[in-house]
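No experiment lies behind these values; they were computed from the predicted model shown.
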Amino acid sequence: MDILTGFVMFCVPPLFALMIHNYLRHGEMTGRRKVIFYMVYFCVINAVSLGLSYLRGVRGIVFAGMTMTYKAKYTGLGIVCGFVIPFPVCLAAEEEVTLGGMRRYSMRFATDLRKYLPYAVRSAKAELRSEVSNSYLDWMWWLIEPFCMMLIYTLIFGVVFHASEQYFPIFIFIGITMWSFFSRSVSGSVNTVRGGRGIITKIYLPKYILFLSRMFVNGFKMVVSFGVVLVMMLLFRVPVNWNILYAVPVIMVLFLFTFGVGTVMMHYGVYVSDLGYITGIVLNMLMYFTGTFYDVAKRVPAPFGEMLARVNPVAFFISSVRGAVLYGTAPQAGMLVLWGVLSVILTALGVFTIYSNENSYVKII
């Protein structure tokens, strides 16, 4: 067991770094260069992790005396380094990856976003209108659906499983609202390009704009649901302080993280037709690890609950918003900044991938 955990701690994070390095090189690295750069990342990442451990008082590496919490933190720090370090390494070691090229992609993204954002907004409005055009209750369905789900899960987890979280109906409603936004956006991203065949084959449009439009639809529904949360807070007489404002930056990071994940899934959805089924299964599994219906940090045995609440970004976002809205607590600033930085990196990788491959999408679909 110690050998296996040691392997994960030291060898898995450099593998993440190598994958991103190869990603930035369009998969053109030779086997020899992969081995060389893996060794580079192995040395650099573990040097950083061991150095920080030393500064925090950890002297030496003895697997038998390591706690599971320390092993998880060491691995998590290594994976974070594995996401960040490949960028400066590629700039220094790869002629094809330059600072000017990154700046060019950034400027193109900013220009396209400014140019095509009105289309995304209009498309989202049209989709929202079409969803309720033939229903008797019209836009009320955007409130009825999550409200009914809240009642069902409140009955199941509150009565049957005796959940004891304070303000439990609102607790459940916030979890369902935020998870629905993330899961619907990510699951919908897989078929975005194929679903937009009629537009893509006729005019040029940055493909991520189609996904952004879908996110606006789900985001609007989330905002409506949070309006219901405010009403429920008045009914349950939830005390409010200034920490409730922290919910805004947390939701913004959630939006950015969802966009980053969605752009990556959107690319691979063009080439792998079965990805939609796989994504649905994975999301159903992850739903129970995000604390949608309970406090994952308390319900999962220590130390795995606390680790899961940090390692799973959606679980962190949901618990942070619940804390700010219901209990007047501020989120962990360091973790919020960390997930914000990783979301920016994930978005950069997704947009870079789409720009690099979007000309081939039309031929495939």
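The side-chain tip of Arg322 points at the ring of Phe171 from less than 6.0 angstrom away and within 45° of straight on.
With rounding to the nearest 0.5 Å, the separation of CE in Met232 from OG in Ser225 is 10.5 Å. Distance check, rounded to the nearest 0.5 Å: OG1 of Thr353 to NZ of Lys207 gives 14.0 Å. In this structure, Phe211 CZ and Phe216 CZ are separated by 11.0 Å, a value rounded to the nearest 0.5 Å. Rounding to the nearest 0.5 Å places CD1 of Ile278 at 13.5 Å from OH of Tyr268. Rounding to the nearest 0.5 angstrom, the gap separating the CG atom in Leu205 from the NZ atom in Lys115 is 9.5 Å. With rounding to the nearest 0.5 Å, the separation of CE in Met233 from CD1 in Ile244 is 4.0 Å.
In terms of hydrophobic clustering, with Ile, Leu, Val, Met, Phe, Trp and Tyr side chains grouped at heavy-atom distances under 4.5 Å, Ile176 and Phe236 are assigned to a common cluster. Taken together through direct or relayed side-chain contacts under 4.5 Å among Ile, Leu, Val, Met, Phe, Trp and Tyr, Met222 and Val224 form part of one hydrophobic cluster. Under a hydrophobic-cluster definition in which Ile, Leu, Val, Met, Phe, Trp and Tyr are linked whenever side-chain heavy atoms come within less than 4.5 Å, directly or via other members, Leu15 and Val40 are assigned to the same cluster. There is no path of hydrophobic side-chain contacts, each under 4.5 Å, that joins Val344 to Phe316. Residues Val321 and Tyr246 are members of separate hydrophobic clusters, defined by side-chain heavy-atom contacts under 4.5 angstrom among Ile, Leu, Val, Met, Phe, Trp and Tyr.
In this structure, the side chains of Ile174 and Leu326 come closer than 4.5 Å at one or more pairs of heavy atoms. Put simply, the side chain of Thr177 does not reach to within 4.5 Å of the side chain of Phe181, judged on heavy atoms. Residues Met335 and Trp339 meet the side-chain proximity criterion, which asks for heavy atoms closer than 4.5 Å. No side-chain heavy atom of Phe255 sits less than 4.5 Å from a side-chain heavy atom of Phe317. With contacts defined as side-chain heavy-atom distances shorter than 4.5 Å, the pair Ser360/Tyr271 qualifies. Residues Tyr41 and Pro86 are in side-chain contact: their nearest non-hydrogen atoms beyond the backbone lie under 4.5 Å apart. The shortest side-chain heavy-atom distance between Leu286 and Val314 does not fall under the 4.5 Å cut-off. Annotation: side chain of Leu230 is not in contact with side chain of Leu234 (no heavy-atom distance under 4.5 Å).
With hydrogens and angles ignored, the 3.5 Å screen pairs a side-chain donor or acceptor of Thr329 with a backbone N or O of Gly323. Asn312 contributes a side-chain N or O that, together with a main-chain N or O of Phe289, makes up a donor-acceptor pair within less than 3.5 Å. Thr192 contributes a side-chain N or O that, together with a main-chain N or O of Ser189, makes up a donor-acceptor pair within less than 3.5 Å.
Met107 CE: 12 or fewer foreign heavy atoms inside a 6.0 Å radius. Around the CZ atom of Phe226, the shell of radius 6.0 Å holds more than 12 heavy atoms that belong to other residues, nucleotides or ligands.
Gly350 approaches Thr263 most closely through the heavy-atom pair CA-OG1, 3.4 Å. Nearest heavy-atom pair, Tyr208 versus Ile354, reported as atom, atom and distance to 0.1 Å: CB-CD1, 4.0 Å. Nearest heavy atom pair, residue Pro331 against residue Leu336, reads CG-CD2, 4.5 Å. In terms of heavy atoms, Asn22 sits closest to Lys34 at OD1-CE, 4.0 Å. Taking each heavy atom of Ser213 and Ser123 in turn, the nearest pair found is OG-OG, 3.1 Å. Of all non-hydrogen atoms in Ser183 and Leu283, the two that sit nearest each other are O-CD1, 3.6 Å.
Residues Ser356 and Tyr23 have side chains that never bring a donor and an acceptor to within less than 3.5 angstrom of each other. Checked by atom type, the side-chain pair Tyr116/Tyr204 shows no donor-acceptor distance below 3.5 Å.
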Give the C-alpha distance, both sets of side-chain angles, the deciding distance and a yes or no for side-chain contact (heavy atoms from CB on, under 4.5 Å) between Gln166 and Val238.
CA-CA 10 Å; Gln166 193 177 15; Val238 178; over 6 Å; no
Run the side-chain contact (heavy atoms from CB on, under 4.5 Å) check on Met178 and Thr290 step by step: do they pass?
CA-CA 10 Å; Met178 297 182 67; Thr290 58; over 6 Å; no
Starting from the C-alpha separation in whole Å, work towards a yes-or-no answer on side-chain contact (heavy atoms from CB on, under 4.5 Å) for Val341 and Val80.
CA-CA 10 Å; Val341 171; Val80 170; over 6 Å; no
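The residue from Phe16, Phe37, Phe83 that alone fulfils the ring pair (Phe, Tyr, Trp, His ring centres under 6.0 Å) condition with His21 is Phe37.
Note: Phe352 and Tyr105 have perpendicular aromatic rings, judged against thresholds of 30 and 60 degrees for the angle between ring planes. The aromatic rings of Tyr327 and Tyr167 lie parallel to each other, with less than 30° between the two planes, well short of the 60° mark.
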